[in-house]
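Data block below; observations after.
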Amino acid sequence: MTEMLARFAPGLQEWLVLCAVLYAIGLYGLLTRRNAIALLMAAEIMLNAAALNFVVLNRFTSPQLVDGHVMALFVVVLAAAEIVVGMAIVVALYRIRNTVDISHMNYMKG
Amino acid sequence: MQFVHTMAAAAATNTTWTPQTLADRAVDSVPHSLWLTAGYFLLAVVGVAALLSFLGMALIYIERKIAAHFQCRLGPTRVGPFGLLQTLADTLKLVFKEDFVPPKADRSLHMLAPFLALLVPVVLLALIPYSPNVQVADLNIGILFITAIGGFGVMGILIAGWSSNNKWSMIGAMRAGAQIISYELSATLALLVVVLFSGTMSLTGIVLSQQEGWWIWRGHAAGFVAFLIYLVASTADLNRTPFDIPEGESELTAGFHTEYSGLRFAFFFLAEFINMFTVSALTATLFLGGWMPFHVGDWTGFNAAMDTIPPGIWFLAKTTAVIFVIMWFRWTFPRLRVDQLMHLEWKVLLPLGFANLFVAAVVVLTELYPFPLGK
Amino acid sequence: MIHAIKVAQEERLFAGKSVSVAVITRGRPPGYLRVAFSAVTGLLRGLWLTLGYLWSPEAIVTRQYPENRATLQLTERFRGNLRFKFPNEKAQEDHAAFIEQLAHETQTHAHVAADLVREENETRWYHNCTGCGKCQEACPNASIKVFTRQGEILEDREVDRFVWRLDSCMFCNACVQACPWDAIEMTGGFENAVYDRRLLVYNLNRLAGPRINYIEEEENPDVRKRMVERRDRYGGEVPLNGFALPNLPPVTTPMESGSRAIDADAQARLT
Amino acid sequence: MDPESLLALVETEHPSIRRRSHADRPAVSVPSGELLAVMTTLRDHADLRFDLLLTLTAVDFPGEDRFELLYRLYSTVHGLWLIVSSDVPRSRPVAPSVSSLWPIAEWQEREAYDLMGVLYDNHPDLRRVFLEDDWVGYPLRKDYQDEYMLELPK
Amino acid sequence: MTVHVRTLDELLHAPLEADSDLTTQEYLVNMGPQHPIAHGSLRVVVRLDGETVKEVIPVPGYVHRGVEKMCEHLNYRQVIPYTDRLDYLSAIMNNWAVAKTVETAAGIETNDRIEVIRTIMAELQRLQSHALWWGVTGMDLGAYTAFLYGFREREIIGEIFEETIGARLTMNYIQPGGLMYDIKPDFAAKVKKLLPYLKDCVEQYETLLSGNVIFQERLRNVGIVDGARAVALGCTGPVVRASGVPLDLRATEPYGAYGKVQFNVVVGTVGDCWDRYYVRLEEMRESIRIIEQLIDGIPDGPYSTIRYNVELTLPEGIHYGQVETARGAFGVLIVSDGKREIPYRLHFRSPNFNNLWVVTAMAPGWRIADFISIQSSLDLVIPDIDR
Amino acid sequence: MIADAVYTVMFYGFSAAVVILALAAVNMRQLLRAALALMGMLALSAALYIMLRAEFLAGVQILVYVGGIVVLIVFAIMLTRSSELLEDLPRTSTRWYGGVASILFMLVACGALCMTPFPVQSNAEPAGDEIRKIGLALLEQGSSGYLLPFELISLLLLVAVIGGTVIARKTRPRNQPFTTGGDLHGEAIVQAARGQGDVTPGDRHS
Amino acid sequence: MGVALGKLPGIVERFPGGAMAITRLDAAINLARSNSLWPLMFGTKCCAIEMLMATGASHHDLARFGAEVARASVRQADLMVIAGAIVKKMAPRMRLLYEQMAEPRYVIATGSCAISGGPFMYNSYTVVRGADEVVPVDVYVPGCPPRPEAFFWGLLTLQRMIREGETIREPGIRRKPVMAALPEDVSLHEIRAEIRAALANENVIDVTQAANQKPWARKVREWIQRASLR
């Protein structure tokens with residue numbers, strides 16, 4: 001049992017597939033959702049997948065270095081910045097328009 | 001100043017500590033026997049659960065007794081000797097009390113929230129070094145992890161307030177969320193000072209780094225100020241008076257847990273007290289040396305005498321002292337107003353915290369005291 | 001901000017009069033450091049005060065009620081339970097001794113034993129009441145009802161039942177003050193909690209009959225005995241004044257578990 | 001100012017008022033039509049300055065078919081007292097509101113409306129204050145009937 | 001001519017003003033009738049915008065018992081125990097108001113002893129009431145320990161009442177023509193022993209709450225009302241005095257033994273919660289001063305000048321008497337028909353009813369937490385509002 | 001051997017959980033629940049980071065994502081309390097298009113990733129001193145350093161914070177009073193009020 | 001019922017010895033419940049000062065009974081202390097609060113106003129004559145207002161009721177002893193039927209008659225006779 005499990009120990013490919021699946025799920029959310037907050041959440045999933053990708057590649061290709069970690073760190077910070085501004089826009093839009101449905105936000109004047 | 005200097009320039013003691021956590025043992029045991037690993041795992045779970053229930057009851061009893069004596073009265077006396085079994089009776093009653101979910105509430109979230117609120121202190125209980133050999137796990141990102149996990153507690157409170165479908169709950173939850181997030185900044189800044197001093201984020205590492213003196217005085221004024229900031233900020237994180245705005249009785253009836261009854265309310269109650277313990281334990285660990293005995297300079301006889309007291313007792317004594325201070329605050333001070341609370345955080349504590357961090361950096365850079373900068 | 005509080009006395013003309021007033025004024029706000037210092041010292045002084053109480057056990061003022069029942073002394077004038085004065089002291093003392101013995105033998109509280117003893121010396125219940133009804137008139141909310149009867153021996157009005165409603169009494173002492181015959185008094189009793197409010201109606205007199213001095217004027221013990229009649233605890237009708245409120249579900253005891261249905265309705269109506 | 005000169009002053013300002021007997025303090029009776037004008041004078045006249053409306057209440061006289069409105073004024077400037085009374089018919093109990101002069105009258109009038117059923121004209125917010133809005137009747141009227149209420153047994 | 005009568009529902013569900021901004025989210029919350037700040041059973045509907053109070057609508061009546069109607073069936077002695085149950089924290093002073101009115105109207109003389117004892121008792125009760133208020137204010141602002149300290153002093157004064165009067169709360173002590181009981185021989189000694197302790201307690205109050213920066217920040221400059229407006233809103237007692245108006249019936253129309261003693265009317269300058277707080281604290285000191293001056297020379301004499309069962313009938317007309325209770329001017333207005341020994345109409349001028357409405361002017365613009373401070377600084381007793 | 005087996009179990013367990021939670025986050029009708037699912041997903045990603053020996057990053061992940069971002073989302077959901085915000089259900093047609101597109105993308109990406117020959121150093125263990133290394137890398141100026149991006153990203157954060165505050169700030173309605181407990185404020189009100197009739201703090205601004 | 005309860009008693013009772021275990025559990029739970037009565041302070045009037053404040057204050061200290069945890073939220077309270085007059089306007093709200101309390105819930109009515117309308121029984125057009133017209137009351141504590149000690153006596157009486165009269169088999173049903181002080185060999189079982197019948201359909205009760213007719217009353221008489229013979 002343990003031997004069989006050990007044989008299936010995940011390599012680089014498995015990790016990368018995981019990242020790709022997560023990214024695709026995020027993409028799906030981004031394409032289907034209409035609510036602005038939900039869109040931001042989907043974008044978070046995609047960013048998370050990207051960060052994971054960086055770390056995975058760092059771990060498998062150059063474990064002695066930390067460049068992947070640093071890049072993932074930057075991604076996390078970017079995600080935070082994005083969500084702050086995004087949420088602020090959502091709240092402000094809601095105040096003005098009383099809606100957060102993006103299909104209603106198709107003209108420029110508030 | 002000379003006194004401080006003497007204390008800080010502590011002589012190396014004969015004792016050398018080689019801490020070993022339960023997780024270490026479990027990992028070491030993996031090649032030998034999985035049963036042993038499972039045993040260690042079980043021991044950790046049972047230990048934390050037992051600690052949880054014991055601490056909850058003991059702290060509630062202590063709080064009631066201390067409050068009573070602050071107020072010239074006796075406190076519980078009628079259940080068991082000195083009322084010792086009072087909280088046991090309360091617990092039993094709460095377990096068998098009706099668990100009511102309001103008709104318009106979000107049922108599943110309403111039931112989930114108390115567990116989420118209790119999750120944080122339970123995880124933190126596993127990370128605290130009670131004694132050199134009594135600790136469930138020691139992460140090398142310990143402090144980062146502790147700060148990070150605080151977010152879960154906020155989620156529990158927010159969801160509790162949201163799902164109850166009650167105006168007071170909602171206001172209480174929003175207040176709690178805003179308050180905890182704000183004050184976590186200051187708490188983190190205070191923690192960073194200790195990280196800066198000890199050069200490690202592992203809790204055991206921090207305890208070991210205080211062998212030659214506790215950070216509260218060995219870190220100059222910066223250590224002491226960080227201690228004060230952390231004490232205030234963590235009191236606010238706990239939602240206790242003078243920062244108990246989220247559940248301020250005279251305004252919000254009972255805040256975010258207004259609609260909770262029975263066992264689920266008990267969970268919130270328990271979470272509050274366990275949180276108090278973990279915060280006090282962390283304060284003791286980070287600033288007061290944790291389980292490290294009290295040593296003074298080169299008084300070898302004195303130091304040896306101190307070493308005879310078991311480290312667990314040291315830990316407990318320091319934690320109790322901090323718990324007492326937090327309770328003392330509660331039974332003396334009135335409650336702040338929301339804007340005053342935010343004023344205190346953003347205009348007093350946060351700038352002070354940054355300045356303090358700067359001072360600490362200067363202390364470390366100029367090496368005002370000869371202490372090892374990390375490993 | 002911590003200001004200095006000043007209280008200054010001055011004379012002020014008000015409502016056509018010179019009134020001596022104490023004016024509370026505040027100084028200018030002090031500087032930042034002074035404020036911080038006084039804020040911290042103020043907090044510390046408060047902490048010190050409470051710590052002082054924690055440290056001194058003699059400050060505890062709690063009286064432990066159920067534990068101190070034996071030694072609890074109420075003040076002489078305390079307005080607790082209303083009761084008849086029974087002036088026959090000799091008979092009182094004899095009876096007290098008997099009750100004590102009974103309580104000792106049956107190992108119960110004295111008041112339990114006293115409640116249950118029925119066969120006893122009637123002379124101890126001779127009272128001062130004439131049934132004049134002054135107390136009933138003085139009572140603001142009709143908590144006293146005096147039933148009188150025409151005495152057989154003396155052929156005069158005498159008290160039959162003196163009904164006192166503890167459940168509505170407001171303990172204003174008016175009845176005691178109004179009584180011209182010094183027949184009733186307020187005592188220190190207060191342990192009256194019951195499960196059923198119907199038990200809160202008392203018959204204060206133990207004997208229906210004339211005032212004690214009329215009885216004692218009579219020499220013949222048989223006639224004396226015929227002048228009075230035993231009265232037990234109140235057994236007549238109790239005016240409960242119970243009406244159900246409109247728009248409220250009727251009260252059922254025990255509560256059925258279906259009572260939750262009312263919750264939502266009531267909530268909808270009220271909010 | 002002694003009571004006599006106070007009354008004389010008020011009478012000179014408003015000749016329509018009458019002095020009222022059976023009162024422990026200087027008292028005047030005002031026709032309800034002129035109430036507001038008299039009250040304004042009482043509040044604003046430099047020698048009077050009745051700025052505190054201590055009580056505002058109504059008394060029911062069913063036999064005489066009238067409500068007597070009683071206003072008790074106090075001047076914190078001169079230390080004067082005055083009782084102002086005014087009759088309104090029981091069948092049509094409408095009186096002018098003095099809440100524009102003394103803000104507290106708003107609630108005192110609401111109380112009088114609630115318990116006695118006196119209607120105040122130009123009142124900013126006339127509604128029941130103690131009883132529920134759907135309460136039937138005005139309890140302090142002498143002829144108030146309530147099947148819930150019990151007579152005190154004699 | 002029609003007079004429009006509204007209902008509470010109309011008021012609460014009234015549409016927002018037409019020009020109000022769309023972006024504000026106002027909502028109504030009910031505080032009470034069973035809310036910790038309700039101090040019993042006052043319901044306050046608060047219109048909130050976020051945390052800010054936009055409008056306050058007090059809805060009293062949750063203990064409206066119809067005492068005025070009941071009093072039309074009671075004689076003047078029987079009215080007195082009901083005044084205990086209005087402002088129960090100033091029971092003795094309320095008793096005094098009825099007794100004073102009846103005495104003045106019926107021409108009953110009292111002697112010096114009665115008046116001095118009445119004054120001492122009233123001042124003791126004022127101390128008791130203020131001690132309780134201090135504690136409750138502390139509790140409202142989150143300092144629970146303060147509540148217990150305040151109540152400790154209240155109990156200690158209450159022991160003196162219990163010994164003399166035999167009741168703890170509903171005293172029914174002062175009666176037309178005298179008192180219910182004479183004081184006990186050791187009364188003066190006991191009160192004298194108590195006074196230094198009370199002084200010490202007031203100092204402790206200063207240390208625990210007045211000196212606390214949080215407490216000061218919660219009260220200072222919150223809920224300001226100026227003197228003229230307070231008078232126009234019918235406020236009396238510490239509320240109006242805090243706004244700088246020295247309206248104190250003990251000084252402006254001395255009754256009892258107040259004419260013989262030296263004391264100051266405490267007034268504030270700003271009229272905020274802090275002034276209302278501190279005025280009461282200073283009044284405790286003044287009360288102690290009054291008792292100190294009187295306690296040594298209690299004159300001799302009977303404790304009641306008329307017998308209890310004497311019929312009391314007032315002459316026809318309007319009779320009014322008022323005293324300064326711990327919360328302001330408590331007045332009794334009796335309309336007598338001169339024939340029966342019961343009043344034709346009896347109206348209580350309750351200080352709390354008149355003090356309550358000032359919140360509608362004070363609270364808007366402040367936060368909920370400030371509303372708590374404002375309401376506890378008014379020191380309301382709800383049964384006195386509702387009667 | 002055992003370690004490898006445990007590693008395998010953990011990987012597939014966590015991966016399945018993460019994928020399920022991510023699917024829940026994009027499919028849940030109620031936004032608050034979706035946010036909770038997102039929180040779980042991000043927290044479990046932290047566990048994946050730990051498996052990859054990136055403990056520091058795991059801590060940062062929880063700190064920033066769970067403690068910050070999700071709380072912010074939950075706050076935003078609660079602040080703008082409206083039924084539309086609470087629930088969001090995509091149309092079926094949109095779902096089909098979105099699903100097909102994302103699955104196609106996933107297949108392409110997987111294919112590309114699996115076919116690319118990465119220089120894998122599978123048996124090399126990390127030195128275990130990442131935190132120090134990350135710190136040094138962030139502060140290093142040379143070609144292997146990230147000082148400039150680090151400074152830029154902190155600037156970005158600052159800009160984001162300020163921008164967010166400015167955008168989301170509520171424009172004060174005309175009648176809303178200014179209510180800090182400032183000290184001279186009170187006296188000013190009194191003086192203002194003495195002139196006028198009405199005493200509300202709001203009068204200063206009207 | 002609590003999270004752990006529900007169908008538990010029924011299941012346990014099917015096993016041998018289950019009934020015994022339930023009885024034991026009952027005893028433990030009742031002991032816990034009786035000693036952990038967290039009050040909901042329903043004070044409207046003067047009694048509130050005595051019942052809700054003075055009892056909690058230092059001189060009397062409700063905390064000794066474990067009852068100082070005054071919950072502002074109804075859901076967490078076990079005991080509703082009604083102190084003061086209940087008027088018609090308040091009655092529906094009191095009922096609502098009572099409905100919102102979680103089982104098991106107890107009610108103590110303190111003071112004349114709450115018991116019977118007291119001072120305001122006659123000539124008052126609003127006062128409800130007794131809180132038990134609105135909610136079921138477990139214990140009445142008379143007085144106007146009662147002393148704090150009287151309240152403690154009422155609390156002890158209630159504790160006794162909880163200890164003797166409850167079982168988790170039938171949640172929500174209270175059994176009240178008729179008299180405050182029962183003789184030793186009279187069981188609650190015998191009284192149960194009597195008090196239920198009395199509370200359900202009678203508005204007026206003849207206490208003496210009732211006491212003499214009941215089977216347990218005979219035991220009381222015998223007991224007294226034995227005592228007086230000795």
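Computed from a prediction, not measured in an experiment: that's the story for all the values here. Chain letters run A, B, ... following the sequence lines, proteins first, then strands; residues in each count from 1.
Put simply, CG on A:L18 and CG on A:L22 are 5.0 Å apart, with the number rounded to the nearest 0.5 Å. Taking CG of A:L39 as the reference point, atom OG1 of A:T32 lies at 8.5 Å (rounded to 0.5 Å). Going from atom CZ of A:F74 over to atom CG of F:L156 covers 11.0 Å, rounded to the nearest 0.5 Å. Here the CG-CD distance, from F:L113 to A:E14, works out to 12.0 Å after rounding to the nearest 0.5 Å. Interatomic distance, A:L27 CG to F:M106 CE, rounded to the nearest 0.5 Å: 11.5 Å. Taking NE2 of A:H69 as the start and CZ of F:F56 as the end, the distance is 11.0 Å to the nearest 0.5 Å.
Side-chain atoms of A:V55 and A:W15, non-hydrogen and from C-beta on, never get closer than 4.5 Å to each other. In this structure, the side chains of F:Y146 and A:D67 come closer than 4.5 Å at one or more pairs of heavy atoms. With contacts defined as side-chain heavy-atom distances shorter than 4.5 Å, the pair A:V56/F:L52 qualifies. A 4.5 Å side-chain heavy-atom check between F:L147 and F:L138 finds every atom pair outside the cut-off. Residues F:V70 and A:E44 fail the side-chain proximity criterion, which asks for heavy atoms closer than 4.5 Å.
Neither the backbone nor the side chain of F:Y97 comes within contact range of chain A; no heavy atom of the residue lies under 4.5 Å from a heavy atom of that chain. For a residue to count as touching a neighbouring chain, one of its non-hydrogen atoms must lie under 4.5 Å from one of that chain's; by this rule A:V76 touches chain F with backbone and side chain alike. Only the side chain of A:M87 comes within less than 4.5 Å of a heavy atom in chain F; its backbone stays farther off. Looking at F:A54, both its backbone and its side chain come within 4.5 Å of chain A, counting heavy atoms on both sides. When heavy atoms are compared at a cutoff of 4.5 Å, A:A49 does not approach chain F at all. Within the 4.5 angstrom heavy-atom criterion, atoms from both the backbone and the side chain of F:L23 approach chain A. With a 4.5 angstrom heavy-atom cutoff, A:L57 touches chain F only via side-chain atoms. Contacts between F:L57 and chain A at a heavy-atom distance below 4.5 Å involve the side chain alone, from C-beta outward.
Contacts with chain A were tallied for F:V161, F:V159, F:I153; F:I153 has the most, counting heavy-atom pairs under 4.5 Å. For the set A:V85, A:L31, A:L40, A:V70, the entry with the most heavy-atom pairs within less than 4.5 Å of chain F is A:V70. Counting heavy-atom pairs closer than 4.5 Å to chain A, the top-ranked of the candidates F:F150, F:Y49, F:Y7 is F:Y49. Per-residue heavy-atom pair counts under 4.5 Å with chain A were compared for F:L157, F:V60, F:I73, and the maximum is reached by F:I73. Options A:C19, A:A42, A:G29, A:A24 differ in how many heavy-atom pairs under 4.5 Å they form with chain F, and the most are formed by A:A24. For the set F:P149, F:G163, F:S154, the entry with the most heavy-atom pairs within less than 4.5 Å of chain A is F:P149.
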Distance-only donor-acceptor hits, side chain of residues 32-42 of chain F, under 3.5 Å, sequence neighbours excluded:
{"from": "F:R33", "atom 1": "NH1", "to": "B:S108", "atom 2": "OG", "distance (Å)": "3.4"}
{"from": "F:R33", "atom 1": "NH2", "to": "B:D106", "atom 2": "OD1", "distance (Å)": "2.4"}
{"from": "F:R33", "atom 1": "NH2", "to": "B:D106", "atom 2": "OD2", "distance (Å)": "3.4"}
{"from": "F:R33", "atom 1": "NH2", "to": "B:S108", "atom 2": "OG", "distance (Å)": "2.7"}

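Identified by a heavy-atom distance below 4.5 Å to chain A, the contributing residues of residues 14-22 of chain F are F:S15, F:V18, F:V19, F:A22, in residue-number order.
At distances below 3.5 Å, not a single donor-acceptor pair connects side-chain atoms of A:N58 with backbone N or O atoms of A:F54.
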